[in-house]
K.L.:
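Let me give you the structure first, and then I'll get to my questions.
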Amino acid sequence: AQTVTQSQPEMSVQEAETVTLSCTYDTSESDYYLFWYKQPPSRQMILVIRQEAYKQQNATENRFSVNFQKAAKSFSLKISDSQLGDAAMYFCAYAGGGADGLTFGKGTHLIIQP
Amino acid sequence: KAGVTQTPRYLIKTRGQQVTLSCSPISGHRSVSWYQQTPGQGLQFLFEYFSETQRNKGNFPGRFSGRQFSNSRSEMNVSTLELGDSALYLCASSLTGPNEKLFFGSGTQLSVL
């Protein structure tokens with residue numbers, strides 16, 4: 001079974017600074033997808049970024065980028081120029097190549113200090 | 001375009017009762033998946049439906065069931081409720097399945113007393 005591990009239960013960063021959230025995963029599959037989802041207090045999960053494992057290029061979405069290390073099974077999220085609206089729970093998630101549901105990590109609570 | 005709608009937002013039940021939760025996906029989305037979120041276990045996959053067929057199921061007892069209708073709307077049912085079923089139940093939709101971008105609803109918060 002696949003597992004996703006987020007080793008940082010909570011992170012704090014000053015507004016406008018850069019923060020990196022860690023995620024490691026374990027799988028024996030070669031075809032898979034990785035995600036970072038954000039869950040603000042409203043509880044509605046929002047996709048931050050998606051990475052296809054067969055693509056070597058790291059995904060980027062505006063201020064959000066990932067460092068995907070396939071051999072190390074590591075998938076960290078970097079948030080640049082942190083904004084107050086970035087405060088939320090961040091979940092790393094894995095999906096296999098089929099119709100399996102997402103496997104989520106336990107989450108990292110990100111606090112933005114003004 | 002309307003987002004994913006889950007009803008009701010909050011629900012209080014007692015042990016032994018059954019409950020039905022509803023999810024209306026984004027128009028055109030044929031895949032609907034359900035997740036349970038608790039403080040202790042985190043987010044866990046319940047099941048996924050595509051064009052009225054259950055394609056995959058997570059590791060939950062048979063008390064948890066679901067279905068999808070021809071208009072892609074989905075319901076999940078929990079029978080013989082237990083205290084441990086108290087959770088936020090999230091529904092997500094997508095065009096083809098869980099390995100693409102999922103659009104989540106705001107969830108149904110179920111409390112079992």
Side-chain angles (χ1 to χ4, degrees), chain A residues 1-10 23 25 27 29-55 59-62 64 66 68 75 88-109, chain B residues 2-6 9-10 23 26 29-60 64 66 68 74 76 87-110:
Chain A
Q2 293 78 25
T3 58
V4 177
T5 302
Q6 293 179 249
S7 59
Q8 306 151 318
E10 187 172 280
C23 173
Y25 60 95
T27 183
E29 297 179 310
S30 57
D31 179 25
Y32 54 90
Y33 304 80
L34 296 164
F35 307 82
W36 280 97
Y37 278 91
K38 167 185 175 181
Q39 188 177 40
S42 68
R43 309 182 310 185
Q44 187 168 26
M45 302 275 280
I46 302 163
L47 178 67
V48 175
I49 205 161
R50 174 179 179 265
Q51 175 80 43
E52 295 160 312
Y54 66 87
K55 288 187 176 178
T60 299
E61 288 287 342
N62 301 314
F64 299 87
V66 296
F68 174 45
F75 183 62
M89 283 292 293
Y90 285 79
F91 292 95
C92 179
Y94 170 102
D100 296 345
L102 294 178
T103 299
F104 285 92
K106 292 293 188 185
T108 297
H109 181 210
Chain B
V4 177
T5 303
Q6 290 189 247
R9 289 295 303 275
Y10 301 92
C23 173
I26 290 173
H29 285 190
R30 295 165 68 187
S31 170
V32 174
S33 49
W34 290 87
Y35 294 84
Q36 182 196 64
Q37 185 174 22
T38 60
Q41 297 298 316
L43 283 150
Q44 294 183 284
F45 169 67
L46 280 157
F47 26 65
E48 190 259 353
Y49 287 86
F50 184 83
S51 293
E52 302 179 67
T53 300
Q54 186 183 91
R55 293 197 293 189
N56 218 323
K57 189 178 194 308
N59 189 24
F60 279 83
F64 290 81
Q68 186 181 32
S74 178
M76 67 163 282
L88 178 66
Y89 290 88
L90 292 166
C91 165
S93 77
S94 67
L95 286 169
T96 61
N99 56 25
E100 59 174 356
K101 178 179 180 179
L102 293 184
F103 293 81
F104 282 82
S106 295
T108 294
Q109 182 68 53
L110 172 66

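Chain letters run A, B, ... following the sequence lines, proteins first and then strands; every chain starts at 1.
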K.L.:
Under a 4.5 Å heavy-atom cut-off, does chain A meet the side chain of B:Gln6, its backbone, both or neither?
P.N.:
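B:Gln6 has no heavy atom closer than 4.5 Å to chain A.
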K.L.:
If the plane angle is over 60° it's perpendicular, under 30° parallel, otherwise tilted; pick one for B:His29 and B:Phe103.
P.N.:
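B:His29 and B:Phe103: tilted rings.
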K.L.:
Do you know which of B:Gly105, B:Gly42, B:Gly58, B:Gly107 has the most heavy-atom pairs under 4.5 Å to chain A?
P.N.:
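Max contact count across the listed options: B:Gly105.
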K.L.:
Side chain, backbone, both or neither: which part of A:Glu52 has a heavy atom under 4.5 Å from chain B?
P.N.:
neither
K.L.:
For the residue pair A:Tyr25 and A:Tyr94, does the interplanar ring angle fall in the parallel (under 30°), tilted (30 to 60°) or perpendicular (over 60°) class?
P.N.:
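Tilted: the ring planes of A:Tyr25 and A:Tyr94 meet at 30° to 60°.
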K.L.:
Going by side-chain contact (heavy atoms from CB on, under 4.5 Å), A:Tyr90 matches just one of A:Gln8, A:Gln39, A:Lys38. Which one?
P.N.:
A:Lys38
K.L.:
Where does A:Arg50 contact chain B at under 4.5 Å (heavy atoms): side chain, backbone, both or neither?
P.N.:
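Contact with chain B involves the side chain of A:Arg50 alone.
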K.L.:
Counting heavy-atom pairs under 4.5 Å to chain A, which of B:Gln44, B:Lys101, B:Gln41 comes out on top?
P.N.:
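Sorted descending by pairs with chain A, the first entry is B:Lys101.
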K.L.:
Using a 4.5 Å cut-off on heavy atoms from C-beta on, say whether the side chain of A:Arg43 contacts that of B:Gln109.
P.N.:
yes
K.L.:
Scan side-chain atoms only and decide if B:Ser94 and B:Glu100 contain a donor-acceptor pair under the 3.5 Å cut-off.
P.N.:
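Yes.
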K.L.:
Given that the side chain runs from C-beta out, which part of B:Ser33 has a heavy atom under 4.5 Å from chain A: side chain, backbone, both or neither?
P.N.:
neither
K.L.:
Report the distance from atom CE of A:Met45 to atom OG of B:Ser106, rounding to the nearest 0.5 Å.
P.N.:
12.0 Å
K.L.:
Report the C-alpha separation of A:Phe104 and B:Tyr35 in whole Å, then their side-chain angles, then the decisive distance to 0.1 Å, and conclude whether the ring-ring contact (aromatic ring centres under 6.0 Å, His included) test is met.
P.N.:
CA-CA 10 Å; A:Phe104 285 92; B:Tyr35 294 84; 5.6 Å; yes
K.L.:
Measuring heavy-atom distances to chain A, does B:Leu46 have an atom under 4.5 Å in its side chain, in its backbone, in both, or in neither?
P.N.:
neither
K.L.:
Side chain, backbone, both or neither: which part of A:Phe35 has a non-hydrogen atom closer than 4.5 Å to chain B?
P.N.:
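Only the side chain of A:Phe35 comes within 4.5 Å of chain B.
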K.L.:
So what's closer than 4.5 Å to chain B heavy atoms on A:Phe91: side chain, backbone, both or neither?
P.N.:
side chain
